[in-house]
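Only one structure is covered here, and it is reproduced in the block below.
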Amino acid sequence: MELKKFSKNSTALIKGIAVTLLLIHHGLNPAVHTFSLILSDSPAYQDGIVLLSKLCISLFFVMSGYGMYLSYDRQEKKDVKNTLLFVARHILKLFFMMAMVYLLFVPPGELFGRAMADRYAGHFVKYMILDMTGLASLFGTPLFNTPTWYFSPLLVFYLATPFWYRVVKALSRVKGLPWLLLLGTGVAAAFYPGFQWLLVYFVPYFAGLVAAGSNYFEWAAGLLREKQAGRALKLFLYLAGMGAFLYVRLFLIGGKGIYFQYDWILCLLVIPAAFEYIPEKSFPGRLLTELGEESAHIFLIHGFVQCYYFEKWVYSVKYGVLAVALCLFLCYLLSRLVQKIKEVSHYARLEESILKTDGKTALAFVGWVLMVVTALCI
């Protein structure tokens with residue numbers, strides 16, 4: 001069976017889908033904004049669309065795990081020193097991005113009724129440092145920009161990636177064993193008493209690791225592409241399986257508030273289908289790829305646009321679809337603006353200089369750790 005390579009552009013395309021679903025999930029939430037979706041006076045399908053679009057978070061975690069696996073796999077030396085540098089670089093890359101967005105978008109909160117002094121009341125310096133480093137959610141301290149909660153579990157998963165990479169590699173000697181471990185982890189996340197959110201979000205991240213180690217996305221897309229008599233039947237069964245899962249997801253467990261614990265399964269169905277049936281060179285493909293390349297910044301910025309600074313203006317339009325499109329457009333423009341500011345201010349050059357030099361990377365990471373430790377000791 002001929003396999004099409006799941007390239008960097010393919011990854012960006014999936015992230016573009018995820019970031020679009022993210023803005024739909026928050027923008028059409030009937031608990032916050034109730035309006036007609038397109039032309040109807042009744043938001044009849046609003047709840048279902050919002051529930052389904054929560055898939056965005058699992059998509060991001062799956063693609064993060066997938067990318068980290070391949071990134072570590074490409075590293076020639078995997079000894080202790082180079083493994084520590086690998087982890088340090090990826091954590092610092094996240095920190096540099098969060099710090100830049102923080103410095104540009106948090107101070108203006110004073111003008112929009114969202115003052116830092118109010119958000120960080122009681123332990124200003126401690127809360128500010130933990131928030132800017134992406135660890136606020138992990139330690140239960142206040143968040144100025146709520147979407148940054150995502151980076152707390154991600155930082156933990158980054159630290160553990162080399163270990164889980166070795167686990168997947170070792171288990172891969174027996175065909176199907178990594179998938180059994182994934183299934184077991186998924187079951188544990190679904191039924192673990194007390195709803196441990198770190199475990200719940202580790203499952204899609206681990207699914208990305210397993211998918212990368214087994215070339216799953218290429219293989220599944222190849223099944224859909226394979227030109228033979230059974231191709232139509234395979235596609236029908238594939239879509240029927242996805243439809244059955246969606247029914248369970250939306251109507252049987254959707255109202256219980258824990259539906260996203262099973263989204264890693266849907267991700268493993270959606271990603272190969274999107275990879276196969278959305279051509280990268282088509283207009284939708286190019287648009288989603290462009291959004292995907294800016295997805296990390298859009299993820300951080302969308303809270304300021306949708307919730308804090310421009311909420312009344314964005315949602316002054318009559319139809320929900322237009323509000324989401326406007327928000328997506330504004331987030332993209334602001335993301336590009338952040339990139340330009342990084343270039344003009346030489347911030348990008350400084351970041352590159354640190355991340356490409358082992359000594360500077362180690363020194364910067366020690367500084368990051370000391371900053372976090374200081375905050376915790378205050």
Side-chain angles (χ1 to χ4, degrees), residues 12-60 101 104-105 108-109 111-114 145-150 246 249-250 254-255 259-260 263 266 270 273-274 277-340:
L13 188 147
I14 302 302
K15 289 180 179 178
I17 295 173
V19 80
T20 303
L21 291 175
L22 174 71
L23 268 65
I24 290 173
H25 178 70
H26 290 152
L28 298 182
N29 190 338
V32 182
H33 304 286
T34 302
F35 39 36
S36 39
L37 296 182
I38 304 177
L39 297 176
S40 169
D41 291 332
S42 174
Y45 302 102
Q46 197 167 339
D47 284 331
I49 291 172
V50 169
L51 284 173
L52 184 58
S53 58
K54 179 71 174 182
L55 178 69
C56 60
I57 299 300
S58 291
L59 281 173
F60 277 123
V101 171
L104 290 175
F105 289 91
L111 304 174
F112 293 90
R114 193 174 178 82
N145 182 24
T146 306
T148 56
W149 72 265
Y150 170 82
L246 285 173
R249 162 79 153 70
L250 286 173
Y259 51 90
F260 52 87
D263 277 356
L266 187 55
V270 168
Y277 292 116
I278 303 178
E280 292 178 7
K281 294 183 179 180
S282 66
F283 175 74
R286 293 199 308 272
L287 179 61
L288 289 170
T289 300
E290 182 67 23
L291 289 172
E293 290 173 351
E294 300 293 332
S295 61
H297 281 114
I298 293 175
F299 192 104
L300 287 170
I301 292 168
H302 86 275
F304 298 103
V305 175
Q306 277 190 320
C307 305
Y308 312 141
Y309 300 165
F310 305 110
E311 180 184 19
K312 291 183 179 178
W313 181 62
V314 168
Y315 293 105
S316 64
V317 301
K318 184 177 181 180
Y319 302 116
V321 170
L322 293 179
V324 170
L326 178 59
C327 187
L328 191 58
F329 179 68
L330 285 174
C331 288
Y332 175 78
L333 287 183
L334 290 171
S335 176
R336 294 302 303 158
L337 178 62
V338 170
Q339 299 282 24
K340 288 296 181 183

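In what follows, residues are counted from 1 in the order of the sequence shown.
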Given the rule in the side chain to side chain contact (heavy atoms under 4.5 Å, CB included) test, do Ile17 and Ile278 qualify, once you have shown the distances and angles that lead to the verdict? CA-CA 11 Å; Ile17 295 173; Ile278 303 178; 4.1 Å; yes
Quick one: do Thr146 and Tyr308 satisfy side chain to side chain contact (heavy atoms under 4.5 Å, CB included)? Show the steps, please. CA-CA 10 Å; Thr146 306; Tyr308 312 141; 3.0 Å; yes
Derivation and outcome, side chain to side chain contact (heavy atoms under 4.5 Å, CB included), residues Val101 and Phe299: CA-CA 11 Å; Val101 171; Phe299 192 104; over 6 Å; no
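Summarising the geometry of Ser335 relative to His297, their closest heavy-atom pair is OG-CB, 3.2 Å, with the distance given to 0.1 Å. Nearest heavy atom pair, residue Leu59 against residue Ala18, reads CB-CB, 3.8 Å. Annotation for Leu21 and Cys56: closest pair CB-CB, 3.7 Å, computed over non-hydrogen atoms. Nearest heavy atom pair, residue Ser58 against residue Asp263, reads OG-CB, 3.2 Å. Nearest heavy-atom pair across Cys331 and Ile298 is CB-CG2, 3.8 Å. What you find for Ala274 and Leu13 is that their closest heavy atoms are O-CD2, 4.4 Å.
With sequence neighbours excluded, the residues that form a side chain to side chain contact (heavy atoms under 4.5 Å, CB included) with Leu328 are Thr20, Leu23, Leu291. Partners of Glu294 according to the salt bridge (charged side-chain N to carboxylate O under 4.0 Å, His left out) rule, which considers only residues two or more places apart in sequence or in another chain, are Arg336. Take Tyr309 and apply the side chain to side chain donor-acceptor pair (under 3.5 Å) test, not counting sequence neighbours, and it matches no residue. For Leu337, the side chain to side chain contact (heavy atoms under 4.5 Å, CB included) partners are Leu334, Ile341, not counting sequence neighbours.
Two residues are said to be in side-chain contact when any heavy atoms from C-beta on lie closer than 4.5 Å; Leu52 and Ile24 fail this criterion.
Screening residues 15-27 for salt bridge (Lys or Arg N to Asp or Glu O under 4.0 Å), with sequence neighbours left out, gives no hits. Judged as a side-chain hydrogen bond (donor to acceptor under 3.5 Å, both in side chains), the pairs with a partner in residues 282-293 (not counting sequence neighbours) are, in order, Glu290-Tyr332.
Atom CZ of Phe112 sits in a crowded spot, with more than 12 heavy atoms from other residues, nucleotides or ligands closer than 6.0 Å.
Taking CG of Leu288 as the reference point, atom CD of Glu280 lies at 11.0 Å (rounded to 0.5 Å). Put simply, CZ on Phe105 and CG on Asn145 are 9.5 Å apart, with the number rounded to the nearest 0.5 Å. To the nearest 0.5 angstrom, Leu330 atom CG is 14.5 Å from Phe304 atom CZ.
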